[in-house]
Amino acid sequence: MNLADLNKIARAMTATGKGLLAADESGGTIKKRFDAIGVESTEASRRDYREMMFRSTEAMSKFISGVILYDETIWQNAADGTPLVRLIEQAGAIPGIKVDEGTQALPGCPGELITSGLDKLAERLAKYYERGARFAKWRAVIDIGSGIPSMTAIHVNAHALARYAALCQAAQIVPIVEPEVLMDGDHDIDRCVEVTTRVLNKTFQELRVQRVALEGMVLKPNMAISGKKSKTQASVQEVAEKTVRMLKNCVPAAVPGIAFLSGGQSDADATAHLDAMNRMGGLPWPLTFSYGRALQAAPQQTWAGLAANVGAGQQAFTHRARMNSLASKGEWTTDLETEKAA
Ligand code: 13P
């Protein structure tokens, strides 16, 4: 492992004013997104859609540091035969790859999940590196409900995250460590803080036990936020303050950067929350975005599967990327939302 190089990539992934595009929806998830806009999910339609974003030159060169790809996409070529990975590199962004293989029921823990994909991971990482991937992603899922999460679920998911991260670093790939506490329940923000704190503490304990170099990783956490079904929804300022406090308590300053998931927040909320945190200042790490839905909902709606809409779809994507870039510097304002993409 060359830690200096891993650290350099991790810092580039979270460089000032830039964040990650999570375009790594699995086959099932992208079908759900396409169903919502009335587009059939085929290998060609998935390629066309993602090519549209990767050819958004302004967004990709100014606001996006890297793209998380799904296995299918990393091997796909653009319509003109150029590998999609090369389009990303040509725009000055870094290609990355989702390497987990989704979740399965966790035996003995009803309602809880464990992420799979460790078998043969070393071999897969070597192939992805050869194709151009310089970082990877593994998502662990923790749900909040009555009697859950169990300590078992937290422990085994943290263990798998650390196993994955250690294998990535040995393959000279920066691991994005993503322990996602879902916002689907009816819990309040304080319960989210309590559970996320336990999850982050266990994750960093496992990372240490398994000798993962913190300087060579990026953390992708959820924010401290009220459950979607909670009657009390915390304000933007409360989300920002509780998230920053929680992260300061749990995440060592050696971590080069933190890039949030959006997790089902609206585009506007995901941007406003990130902005409010960065306005607080005095943070030991850069705080940026690694959004899937909060970057792609607008371009998906605008594109709607029609070649004639590609330009407008690119504008919609560029606008959201620019808004989140500003939020990562604490320079976003609501007025900017009504301005047309540059
Ligand atoms: P969302 O921002 O839509 O949560 O997606 C980010 C991601 O990569 C989830 O694993």
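FYI, side chains are in, hydrogens and waters are out, and symmetry mates aren't considered; it's all heavy atoms of this structure. Just so it is clear, the model here is predicted, and its values are computed rather than measured. When a ligand or atom number is given, it counts from 1 through the structure's own listing order.
Distances below 4.0 Å separate heavy atoms of K220 from the following atoms of ligand 1: 6 (C), 7 (C), 8 (O). Ligand-side atoms of ligand 1 in range of K137: 7 (C), 8 (O), 9 (C), 10 (O), range being under 4.0 angstrom from any heavy atom. Interface atoms of ligand 1 facing G292, defined by a heavy-atom separation under 4.0 Å, are 1 (P), 2 (O), 3 (O), 5 (O), 6 (C). Taking every heavy atom of S262 and a limit of under 4.0 angstrom, the matching atoms of ligand 1 come to 1 (P), 2 (O), 3 (O), 4 (O). Each of the atoms 7 (C), 9 (C), 10 (O) of ligand 1 lies under 4.0 Å from some heavy atom of E178.
Under the 4.0 angstrom criterion for non-hydrogen atoms, A270 is not in contact with ligand 1. Within the 4.0 Å heavy-atom shell around ligand 1 one does not find K98. At least one heavy atom of G263 sits less than 4.0 Å from an atom of ligand 1. Q296 does not count as a contact of ligand 1, since none of its heavy atoms falls under 4.0 Å from the ligand.
The CG atom of L6 sits 6.5 Å away from atom CE of M1, with the distance rounded to the nearest 0.5 Å. Atom NZ of residue K137 and atom CD of residue E178 lie 4.5 Å apart, to the nearest 0.5 angstrom.
Looking at ligand 1, you won't find any N or O of E180 less than 3.5 Å from one of its N or O atoms. Looking at ligand 1, you won't find any N or O of Y291 less than 3.5 Å from one of its N or O atoms. Among the atoms of L261, none of the N or O lies under 3.5 angstrom from an N or O of ligand 1. Where the criterion is an N or O separation shorter than 3.5 Å, residue side chain and backbone included, A22 fails it with respect to ligand 1.
Side-chain contact annotation: S325 with S328, donor-acceptor N/O pair under 3.5 Å absent. Judged purely by distance below 3.5 Å, without hydrogens or angles, the side chains of W332 and E337 pair a donor atom with an acceptor atom. Using a 3.5 Å distance cut-off with no hydrogens or angles, the side chains of R11 and N7 do pair a donor with an acceptor. No side-chain donor-acceptor contact under 3.5 Å links D188 and T232.
Heavy-atom neighbours of E123 CD from other residues, nucleotides or ligands within 6.0 Å: above the threshold of 12.
Between S150 and E112, the shortest heavy-atom distance links the atoms OG-OE1, 2.6 Å.
Aromatic ring centroids of Y291 and F260 lie 6.0 Å or more apart.
Counting heavy atoms only, R293 comes closest to atom 3 (O) of ligand 1 of the residues R139, M183, R293.
Contacts with ligand 1 closer than 4.0 Å are made by backbone heavy atoms (N, CA, C, O) of S290 only, the side chain lying farther away.
For the pairing with E25, the side chain to side chain donor-acceptor pair (under 3.5 Å) check across R33, Q296, K98 returns one residue only, Q296.
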